[in-house]
Amino acid sequence: MTAATEMAPHDFWQEIHPPGTFAGDQEFTSFYVAVLEDGRQLRLPIRVLADGEHALASLIVNQASFAVLDALAERLAEKIRPMRIDVVAGMPTLGLTLAAAVAQKLGHSRYVPLGTSRKFWYRDELSVALSSVTTPSQQKRLYIDPSMLPLLQGQRVALIDDVISSGASIVAGLHLLTGCGIEPVVIGAAMLQSERWRDSLAAAGPQWNARTVGVFATPILERNAMGRWQAPPAGREI
């Protein structure tokens, strides 16, 4: 991007900038500029994928400043508030930070965290396999604490993650909850990354794409002839 300057790794995710702070030429070098619905801008680091020709804009919400977390949680809470949410369930690990903040914005006194650490009182039948785009080689399981189930049963539940990318993690969360007789009324995230998650969620049920909301969206980036990063034309995302 023509307005880019070098940033230290800890500088990312720390500030939401006013609309128009960064040029809208849609070419990026050291960072990607995500645009919120109200025009405000957030700088995200670019993570190059294994093929060297594609990249992702990365959001690590538990490394963000409190101001950024507060802004993202406030906007997500605004989007799901009309759905009369009784309880928020959070996806581990990074989604827990956002889920807790969203629950507070909704005026709740607590939220329900799902987890990947098996406590001795957990039950294997209350778990599902879990994979993630950021940790693809790790074999994990997603659990719900049996003592938390009464908080969710018969309630209007929002399932929250920080980022929905391939859709694998959020589908695991759906399978876990629906296996317990709990069907969320909405899925929420700070960032919807590319369009790949749509097929995964559609395979889980025709209702889920329509029930998924995000604060902002980012594409899969591709390297252009000048070595910069840009969004591919519509319909050509990997």
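Values below: every heavy atom of this structure, side chains too, minus hydrogens, waters and symmetry copies. Since the model is a prediction, treat every value here as computed from it, not as a measurement.
Within the 4.5 Å cutoff, side-chain heavy atoms of Cys180 are placed close to those of Leu149. For the pair Pro19 and Asp38, the minimum side-chain heavy-atom distance is 4.5 Å or more. Contact check for Ile144 versus Pro146: no side-chain heavy atoms found under the 4.5 Å cut-off. You'll find the side chain of Leu174 reaches within 4.5 Å of the side chain of Ile187, heavy atoms only. The closest side-chain heavy-atom distance from Tyr32 to Pro45 is not below 4.5 Å. A heavy-atom distance below 4.5 Å is not found between the side chains of Val61 and Trp13. Using a 4.5 Å heavy-atom threshold, the side chains of His54 and Val48 count as separate. Between Phe216 and Leu59, some side-chain heavy-atom pair lies under the 4.5 Å cut-off.
The distance from atom CD of Gln63 to atom OG of Ser58, rounded to the nearest 0.5 Å, is 8.0 Å. Atom CZ of Phe31 sits about 10.0 Å away from atom CG of Leu44, to the nearest 0.5 Å. Rounded to the nearest 0.5 Å, atoms CE (Met191) and CG (Leu42) are 9.0 Å apart. Annotation: the span from Ser166 atom OG to Leu201 atom CG amounts to 9.5 Å, rounded to 0.5 Å. If you take CD1 on Ile160 and CG on Leu114, they are separated by 11.5 Å, rounding to the nearest 0.5 Å. Rounding to the nearest 0.5 angstrom, the gap separating the CG atom in Asp162 from the CD atom in Gln193 is 9.5 Å.
The backbone N or O of Leu72 lies less than 3.5 Å from no partner atom in the side chain of Glu74, so there is not a single donor-acceptor pair. A donor-acceptor distance shorter than 3.5 angstrom exists from the side chain of Gln41 to the backbone of Phe22, with no hydrogens or angles considered. A donor-acceptor contact shorter than 3.5 Å is absent between the side chain of Asp161 and the backbone of Ile164. Side chain of Lys79 to main chain of Gly214: a donor-acceptor pair is present (N/O by atom type, distance under 3.5 Å, no hydrogens or angles). In this structure, Arg156 contributes its side chain and Met83 its backbone to a donor-acceptor pair below 3.5 Å. Although no hydrogens or angles enter the test, the distance criterion places no donor-acceptor pair under 3.5 Å between the side chain of Glu15 and the main chain of Ser65. Arg141 places a side-chain N or O within donor-acceptor distance of the main-chain N or O of Ser127, the cut-off being under 3.5 Å. Judged by distance alone, with hydrogens and angles left aside, the side-chain atoms of Trp229 form no donor-acceptor pair with the main-chain N or O of Asn224 at under 3.5 Å. Between the Thr21 side chain and the His17 main chain, no donor and acceptor come within less than 3.5 Å of each other. Counting only distance, with no hydrogens or angles, the side chain of Asp11 and the backbone of Ala8 share a donor-acceptor pair below 3.5 Å.
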Pair up each side-chain donor or acceptor in residues 90-112 with any protein partner under 3.5 Å, not counting sequence neighbours, and list the distances.
unit_1: Lys105; atom_1: NZ; unit_2: Asp70; atom_2: OD1; d: 2.4
unit_1: Lys105; atom_1: NZ; unit_2: Asp70; atom_2: OD2; d: 3.4
unit_1: His108; atom_1: NE2; unit_2: Ile85; atom_2: O; d: 3.2

Inset, instruction - For the pair Arg223 and Glu53, evaluate side-chain contact (heavy atoms from CB on, under 4.5 Å) and give the outcome as yes or no after the intermediate values. - result: CA-CA 5 Å; Arg223 196 186 300 273; Glu53 296 301 317; 3.7 Å; yes

Inset, instruction - Walk me through it: do Arg75 and Glu78 pass the test salt bridge (charged side-chain N to carboxylate O under 4.0 Å, His left out)? - result: CA-CA 5 Å; Arg75 183 62 188 125; Glu78 288 175 4; 3.0 Å; yes

Legend entry - Arg118/Asp124 under salt bridge (charged side-chain N to carboxylate O under 4.0 Å, His left out): CA gap, chis, key distance, verdict: CA-CA 9 Å; Arg118 191 191 191 286; Asp124 287 338; 2.9 Å; yes

Inset, instruction - Let me see the working for Val157 and Asp86 under side-chain contact (heavy atoms from CB on, under 4.5 Å), right down to the final yes or no. - result: CA-CA 6 Å; Val157 176; Asp86 297 313; over 6 Å; no

Inset, instruction - Start with the C-alpha gap between Thr218 and Leu56, add the side-chain angles, then the distance that decides, and say whether side-chain contact (heavy atoms from CB on, under 4.5 Å) holds. - result: CA-CA 8 Å; Thr218 58; Leu56 300 173; over 6 Å; no

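The shortest heavy-atom contact between Ala231 and Leu221 is N-CD2, 4.0 Å. Closest approach of Ile46 to Ala55, counting heavy atoms only: CG2-CB, 3.5 Å. The two atoms that bring Leu177 and Pro184 nearest to each other are CD1-CG, 3.7 Å, heavy atoms only. Closest heavy-atom contact between Phe12 and Met7: CE2-SD, 3.5 Å.
Residues that satisfy the side-chain contact (heavy atoms from CB on, under 4.5 Å) test with Arg211, not counting sequence neighbours, are Glu183, Gln207, Trp208.
The hydrophobic cluster around Phe120 extends to Trp121, Tyr122, Tyr143, counting ILVMFWY residues whose side-chain heavy atoms fall within less than 4.5 Å of a member.
Side-chain atoms of Ser165 and Arg196 include a donor-acceptor pair closer than 3.5 Å.
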